[in-house]
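To keep things clear, I will list the structure first and then write my remarks on it.
Below, chain A is the first sequence line, B the second, and so on; all start at residue 1. Since the model is a prediction, treat every value here as computed from it, not as a measurement.
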Amino acid sequence: MGVPGEGLAKGLAVTLKTMTRRSHTRQYPDVEPDLPPRSRGVIALLEENCTVCMLCARECPDWCIYIDSHKEEVVVPGAARARQRNVLDRFDIDFSLCMYCGICIEACPFDALYWTPEFEYAEYDIRDLLHDKSRLGEWMATVPPPPPHDPNGEPSKEETAAVKKAAPR
Amino acid sequence: MTDLREVTVGTGAGLDTADMVLNIGPQHPSTHGVLRLKLVLDGERVVSCEPIVGYMHRGAEKLFEVRDYRQIIVLANRHDWLSAFANELGVVLAVERLMGLEVPERAVWLRTALAELNRILNHLMFLGSYPLEIGAITPVFYAFRERETLQAVLEEATGGRMHYMFNRVGGLKEEVPAGWTRRTREAVGQVRRRLPDLENLIRRNEIFLARTVGVGVLTAAQAAAFGASGPVARASGLDFDLRHDEPYLAYGDLDVPVVTREAGDCHARFEVLLDQVHVSLDLVDRCLEMVDRITGPVNVRLPKVVKAPEGHTYAWTENPLGLNGYYLVSRGEKTPWRMKMRTASYANVQALSTLIPGCLVPDLIAILGSMFFVVGDIDK
């Protein structure tokens with residue numbers, strides 16, 4: 001064993017060293033944390049893109065997405081017959097059940113669902129965590145642009161889609 | 001009056017004390033969760049110890065049977081919530097082996113880097129919480145400072161801080177963001193530079209040594225008999241590390257140095273954890289070097305519905321806490337017919353029944369904390 005009190009002295013030396021450094025503390029309600037764009041905070045819904053295919057609700061591992069819809073006849077001028085269209089009546093996500101896995105977002109074939117790093121939606125009652133399509137739609141404004149991919153890998157699907165669109169036909 | 005007279009008082013006779021049965025847990029702060037230990041005490045000395053598990057059983061194996069392989073990853077990364085990435089890895093390795101899939105090289109190296117980052121995060125948690133349990137509150141702040149640094153890069157790549165959900169059958173969910181490897185290297189450098197703070201505080205601290213050296217000695221034979229693995233077994237001199245002995249992912253090219261100790265006591269277990277952090281930091285650096293060199297996709301294009309062909313396989317990985325295995329039986333459906341888990345903590349806590357008898361009650365907490373388990377991993 002070394003000198004008595006050596007552990008204490010060493011500990012105090014570390015404390016002293018840390019004391020001279022700036023603290024990492026961020027004054028949260030006044031200072032927003034900077035979260036990466038991929039951060040899984042909440043799921044936003046872009047209602048216009050939803051075709052009520054129900055893939056998200058079926059793929060969800062704990063079935064926390066509730067969808068209701070009805071069919072509407074759309075008369076297109078010049079067309080022989082009236083077309084049928086799905087209209088979304090209800091799109092609720094129960095965030096008290098959601099496991100934040102992102103499978104619904106991955107499964108959506110029409111890009112109607114997005115992750116956003118927004119996290120300030122705590123409630124006092126667990127029942128208030130069921131959010132409807134208007135609330136999910138409000139979060140669309142907070143969806144950040146996806147980060148560019150590492151140049152060594154494949155470009156993101158957003159980039160590939162943009163290049164395809166820009167290319168002359 | 002010089003001759004002594006013996007007087008018998010009461011019915012028990014003499015200094016004999018009755019054995020007392022004491023329950024530690026299921027709600028006890030030192031058990032990090034709901035592990036219950038049924039102890040028989042003779043005064044301050046523990047006569048026998050029976051770990052009673054199952055208070056947090058969530059039926060994960062049964063749930064796997066009604067989930068497809070992507071949904072299984074969600075559940076599988078939750079049983080040991082401190083090693084989510086390593087848990088996901090076992091599942092996808094099993095499915096990939098059954099399907100005969102070859103994963104792109106870039107994905108293999110990225111997976112290895114992420115698995116090692118996850119190992120460091122897990123170890124830092126225990127390096128902070130273990131001293132806390134035996135009375136040193138400061139190390140946990142330093143451990144969490146480092147955890148935060150590494151969690152930031154993991155969140156940047158995966159979007160999650162605990163349940164990464166980044167593995168998919170055939171590779172990873174998506175490519176990492178541009179500049180991620182550089183930022184990860186910086187984070188690893190920072191942690192390596194600041195880790196001596198934590199080490200100086202606790203590694204050779206005399207109070208910590210007094211509480212842990214020679215306490216709770218697990219012999220190599222006992223460790224092997226109970227199926228203990230990971231840092232707990234290696235601290236007893238059992239030189240067994242799947243990353244070295246049966247390499248998966250890119251570990252075959254890395255030649256992982258195995259950290260072992262001979263003593264098998266609480267301090268040896270703590271030291272193995274601490275030294276493994278250094279090893280893992282180096283491994284992350286080497287993986288990132290390869291990631292920067294390899295170009296290509298990080299996943300294989302698969303049909304919407306992934307079905308594993310009929311058959312069975314056992315995939316085991318060296319999780320931060322020990323061996324983690326998945327026995328997958330498929331009948332060609334999109335869900336497994338059966339998926340059995342072999343978890344590290346479950347086997348490791350069984351050794352408590354030989355480790356604890358004979359020790360004193362205050363040592364009990366020191367031993368319990370040094371077995372490094374997660375209750376979710378025990379009860380599944």
Side-chain angles (χ1 to χ4, degrees), chain A residues 1-18 21 23-26 33-41 55 58-63 98-107 109 115-117 119 144-159, chain B residues 63 67-68 70-75 77-78 104 106-107 110 136 138-139 141-142 145 148-149 152-153 155-161 163 165 168 172-181 194 196-209 291-299 304:
Chain A
M1 276 325 280
V3 197
E6 196 192 336
L8 183 70
K10 262 190 178 169
L12 283 174
V14 171
T15 309
L16 207 65
K17 202 172 110 195
T18 312
R21 302 244 175 90
S23 72
H24 293 250
T25 316
R26 300 283 284 278
D34 9 279
L35 295 170
R38 281 186 188 174
S39 192
R40 300 201 296 266
L55 271 177
R58 276 197 311 211
E59 287 289 316
C60 177
D62 53 1
W63 306 290
C98 177
M99 299 208 288
Y100 295 82
C101 63
I103 287 178
C104 51
I105 292 160
E106 236 178 291
W115 274 121
T116 136
F119 60 93
H149 280 190
D150 194 312
N152 278 352
E154 286 183 330
S156 63
K157 66 176 175 125
E158 288 86 356
E159 278 176 273
Chain B
L63 289 170
R67 296 288 188 287
D68 69 31
R70 185 165 54 180
Q71 293 173 332
I72 283 173
I73 299 171
V74 185
L75 287 171
N77 75 32
R78 279 163 166 81
R106 188 171 163 80
L110 268 172
T138 321
F141 300 117
Y142 291 92
R145 180 180 68 182
E148 193 55 47
T149 312
V153 290
E155 188 182 8
E156 193 195 334
T158 68
R161 290 166 61 83
H163 301 302
M165 202 44 206
R168 289 293 181 280
L172 294 170
K173 178 172 174 266
E174 53 188 338
E175 181 55 53
V176 293
W180 181 81
T181 47
R194 295 189 306 211
D197 284 355
L198 182 71
E199 293 198 50
N200 278 335
L201 277 176
I202 201 74
R203 194 196 271 259
R204 313 292 324 161
N205 179 291
E206 55 247 78
I207 303 172
F208 185 68
L209 290 175
V291 169
D292 274 345
R293 233 181 286 157
I294 301 166
T295 56
V298 289
N299 45 33
K304 277 253 182 278

_Which residues share a side-chain contact (heavy atoms from CB on, under 4.5 Å) with A/Tyr100, sequence neighbours left out_ = A/Phe95, A/Cys98, A/Trp115, A/Tyr121
*Measuring from A/Ile103:CD1 to B/Ile73:CD1, what's the distance to the nearest 0.5 Å?*
7.5 Å
*Between A/Ser156 and B/Glu174, is any pair of side-chain heavy atoms under 4.5 Å apart?*
no
*When A/Lys17, A/His149, A/Arg38, A/Glu154 are compared by non-hydrogen pairs under 4.5 Å with chain B, the top option*: A/Arg38
*Would you mind checking which part of B/Arg106 comes under 4.5 Å of any heavy atom in chain A, side chain (CB onward), backbone (N, CA, C, O), both or neither?*
side chain
_Counting C-beta onward and ignoring hydrogens, is there a side-chain heavy-atom pair between B/Phe141 and A/Thr18 closer than 4.5 Å?_
no
*Top residue by heavy-atom pair count (under 4.5 Å) with chain A, among B/Arg161, B/Arg145, B/Glu156?*
B/Glu156
*Nearest 0.5 Å, what's the CG-CG distance between A/Leu12 and B/Asn200?*
12.5 Å
_Under 4.5 Å from a heavy atom of chain A, the part of B/Asp68 involved_ = side chain
_I need the minimum non-hydrogen distance between B/Val74 and A/Cys101, along with the two atoms involved._
CG2-CB, 3.5 Å
*Under 4.5 Å, counting heavy-atom pairs only, tell me which of A/Met99, A/Lys10, A/Lys157 racks up the most with chain B.*
A/Met99
*Working to the nearest 0.5 Å, report the span between CD of B/Glu155 and CG of A/Leu35.*
5.5 Å
*Atom of B/Ile294, atom of A/Asn152 and distance for their closest heavy-atom approach*: O-CB, 3.7 Å
_Counting only heavy atoms from other residues, nucleotides and ligands, does the tally under 6.0 Å from CD1 of B/Ile207 exceed 12?_
no
*Does the pair A/Glu106/B/Lys173 count as a salt bridge with the N-to-O cut at 4.0 Å?*
no
_Let's test your reading of the structure: which of B/Trp180, B/Phe208, B/Tyr142 forms the most heavy-atom pairs below 4.5 Å with chain A?_
B/Tyr142
*Tell me, out of B/Arg194, B/Arg293, B/Gln71, who's got the most heavy-atom pairs with chain A below 4.5 Å.*
B/Gln71
*Given that the side chain runs from C-beta out, which part of A/Pro36 has a heavy atom under 4.5 Å from chain B: side chain, backbone, both or neither?*
side chain
*asked:* So for B/Arg203, is it side chain, backbone, both, or neither that comes closer than 4.5 Å to the heavy atoms of chain A?
replied: neither
